[in-house]
Asker: 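I am attaching a structure below and will ask some questions about it afterwards.
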Amino acid sequence: MKSKINQSNIPQHVAIIMDGNGRWAKNQGQARINGHRMGAESVRKIVEESSKLGIKYLTLYAFSSENWNRPQEEVNAIMALFVEFVKLEMNNLIKNNVRLMLIGNISQLPAETLNSFNQCIDETSSCTGLNLVLAVSYSSRWEIVEAAKQIATDVRNNIIKENEITEKLFSSYLTTKNIPDPDLLIRTGGEYRISNFLMWQSAYTELYFTDVYWPDFREENLHKAILDFQSRERRFGMTGEQILDKNKH
Ligand code: FPP
């Protein structure tokens, strides 16, 4: 399937809602945390393959603002898994020229998790290949409200004027400033929801849903999603004829 991928139309930014870890574990008669553990294995594989394919940004929804409401034991286990992931993967990330970034309300993270993420961000800061963006303690509504508050403060302090507020300016107040909007958003695990993820940024993103649980999601599943993406006509509100004409020039 990989050979069918058109190298000149690789999505620049792929975002993934990694769902189904819990159900995967339940099906195997295992504890939920084992689903997350196997999910980390999928993260490793998909990061490496995205890098090989020449994708520039891979954003993974690793922990939502709402996930703090899960049983404390599960939250602790996921936070510990992040630390373990950084410890095991740091050298691989550097070797593959992958730069780590975080988006979300990271001040809520336990110190140990935040420290290890920050160390990895530092150590990979000069990597120029794939940008791996982990969304942790992230939700779109939180991000949009924070941006609105900051814009209000800047207007009050005469840093910007009300009539300067445009979509472009608003985007620059989001945690994703300097990151292009996603071209392709994949959700695993069989649900058809956006779940408070990159709602502003995905206005024109192609959506792809699969029943595959995240711990089973492998390179060939990513290839399938990219091939599906490549079969779509992205019109951004224009007509099909206009797009054809634009591509001719
Ligand atoms: C959703 O599945 C998954 C999460 C809330 C956690 C995602 C975490 C990982 C994949 C662990 C590793 C991540 C990194 C970046 C190392 P769910 O628990 O909601 O599944 P369910 O809907 O089947 O219950």
Side-chain angles (χ1 to χ4, degrees), residues 14-51 55 57-93 96 98-106 108-110 112-121 123-124 130-140 142 185-198 209-219 221-222:
V14 176
I16 308 184
I17 301 176
M18 309 181 288
D19 197 17
N21 294 351
R23 281 163 289 159
W24 181 91
K26 197 174 175 196
N27 282 351
Q28 314 273 325
Q30 296 186 29
R32 291 180 58 84
I33 181 58
N34 288 331
H36 298 314
R37 201 169 280 284
M38 284 308 290
E41 192 54 32
S42 301
V43 170
R44 273 187 264 282
K45 302 258 189 224
I46 296 306
V47 168
E48 207 168 313
E49 187 60 13
S50 300
S51 171
I55 292 168
Y57 294 86
L58 175 69
T59 301
L60 301 178
Y61 205 4
F63 197 83
S64 72
S65 307
E66 291 76 24
N67 286 153
W68 291 113
N69 298 322
R70 292 196 172 192
Q72 194 57 46
E73 203 187 348
E74 183 172 342
V75 170
N76 293 346
I78 294 175
M79 293 299 140
L81 204 51
F82 290 152
V83 175
E84 193 183 310
F85 177 82
V86 168
K87 203 188 273 174
L88 292 172
E89 281 306 294
M90 179 111 81
N91 288 338
N92 249 343
L93 295 179
N96 291 318
V98 177
R99 173 173 165 226
L100 180 72
M101 300 164 81
L102 289 187
I103 56 171
N105 190 2
I106 56 172
Q108 285 186 307
L109 294 174
E112 198 195 359
T113 305
L114 186 56
N115 289 342
S116 60
F117 274 143
N118 277 337
Q119 194 197 345
C120 191
I121 288 170
E123 304 239 356
T124 61
L130 173 73
N131 293 282
L132 170 61
V133 185
L134 294 184
V136 281
S137 193
Y138 173 88
S139 85
S140 276
W142 162 81
L185 171 62
I186 299 172
R187 183 176 185 136
T188 66
E191 312 281 0
Y192 303 94
R193 285 192 288 273
I194 294 296
S195 300
N196 222 345
F197 186 47
L198 301 177
F209 298 96
T210 170
D211 288 341
V212 174
Y213 292 145
W214 178 249
D216 287 329
F217 194 88
R218 285 292 178 271
E219 292 89 333
N221 304 98
L222 178 65

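This chain uses plain numbering: 1 for the first residue, then up along the sequence. Just follow the structure's listing: the first ligand is 1, and inside any ligand the first atom is 1. Excluded from the calculations below are hydrogen atoms, water molecules and symmetry mates; all remaining heavy atoms, backbone and side chain alike, are included. Small disclaimer: the values here were computed from a predicted structure and weren't measured.
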Asker: Partners of Phe85 by ring-ring contact (aromatic ring centres under 6.0 Å, His included), sequence neighbours excluded?
Answerer: none
Asker: Below 3.5 Å only, please: the N or O atoms of ligand 1 paired with protein N or O atoms, distance on each line.
Answerer:
unit_1: ligand 1; atom_1: 2 (O); unit_2: Asn21; atom_2: N; d: 3.4
unit_1: ligand 1; atom_1: 18 (O); unit_2: Arg32; atom_2: NH2; d: 2.8
unit_1: ligand 1; atom_1: 18 (O); unit_2: Arg70; atom_2: NH1; d: 2.8
unit_1: ligand 1; atom_1: 19 (O); unit_2: Asp19; atom_2: OD1; d: 3.2
unit_1: ligand 1; atom_1: 19 (O); unit_2: Arg70; atom_2: NH2; d: 2.7
unit_1: ligand 1; atom_1: 20 (O); unit_2: Gly20; atom_2: N; d: 3.3
unit_1: ligand 1; atom_1: 20 (O); unit_2: Asn21; atom_2: N; d: 3.2
unit_1: ligand 1; atom_1: 20 (O); unit_2: Gly22; atom_2: N; d: 3.0
unit_1: ligand 1; atom_1: 22 (O); unit_2: Asp19; atom_2: OD1; d: 3.0
unit_1: ligand 1; atom_1: 22 (O); unit_2: Arg23; atom_2: NE; d: 3.4
unit_1: ligand 1; atom_1: 22 (O); unit_2: Arg23; atom_2: NH2; d: 3.1
unit_1: ligand 1; atom_1: 23 (O); unit_2: Gly22; atom_2: N; d: 3.3
unit_1: ligand 1; atom_1: 23 (O); unit_2: Arg23; atom_2: N; d: 2.7
unit_1: ligand 1; atom_1: 23 (O); unit_2: Arg23; atom_2: NE; d: 2.7
unit_1: ligand 1; atom_1: 24 (O); unit_2: Arg32; atom_2: NH1; d: 3.1
unit_1: ligand 1; atom_1: 24 (O); unit_2: Arg32; atom_2: NH2; d: 3.2

Asker: If the condition is ring-ring contact (aromatic ring centres under 6.0 Å, His included), which residues does Tyr213 pass it with, not counting sequence neighbours?
Answerer: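 ring-ring contact (aromatic ring centres under 6.0 Å, His included) check on Tyr213 returns nothing, list empty.
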Asker: Give the intermediate values and the outcome of salt bridge (Lys or Arg N to Asp or Glu O under 4.0 Å) for residues Glu41 and Arg44.
Answerer: CA-CA 5 Å; Glu41 192 54 32; Arg44 273 187 264 282; 3.0 Å; yes
Asker: Asn118 side chain to Asn115 main-chain N or O, any donor-acceptor pair under 3.5 Å?
Answerer: no
Asker: Can you tell me if Glu112 has over 12 outside heavy atoms packed within less than 6.0 Å of its CD?
Answerer: no
Asker: Show me the donor-acceptor pairs, under 3.5 Å and distance only, between side chains in residues 190-197 and residues at least two apart or in other chains.
Answerer:
unit_1: Ser195; atom_1: OG; unit_2: Arg187; atom_2: NH1; d: 2.8
unit_1: Asn196; atom_1: OD1; unit_2: Ser140; atom_2: N; d: 3.2
unit_1: Asn196; atom_1: OD1; unit_2: Arg141; atom_2: N; d: 3.0
unit_1: Asn196; atom_1: ND2; unit_2: Glu66; atom_2: OE2; d: 3.2

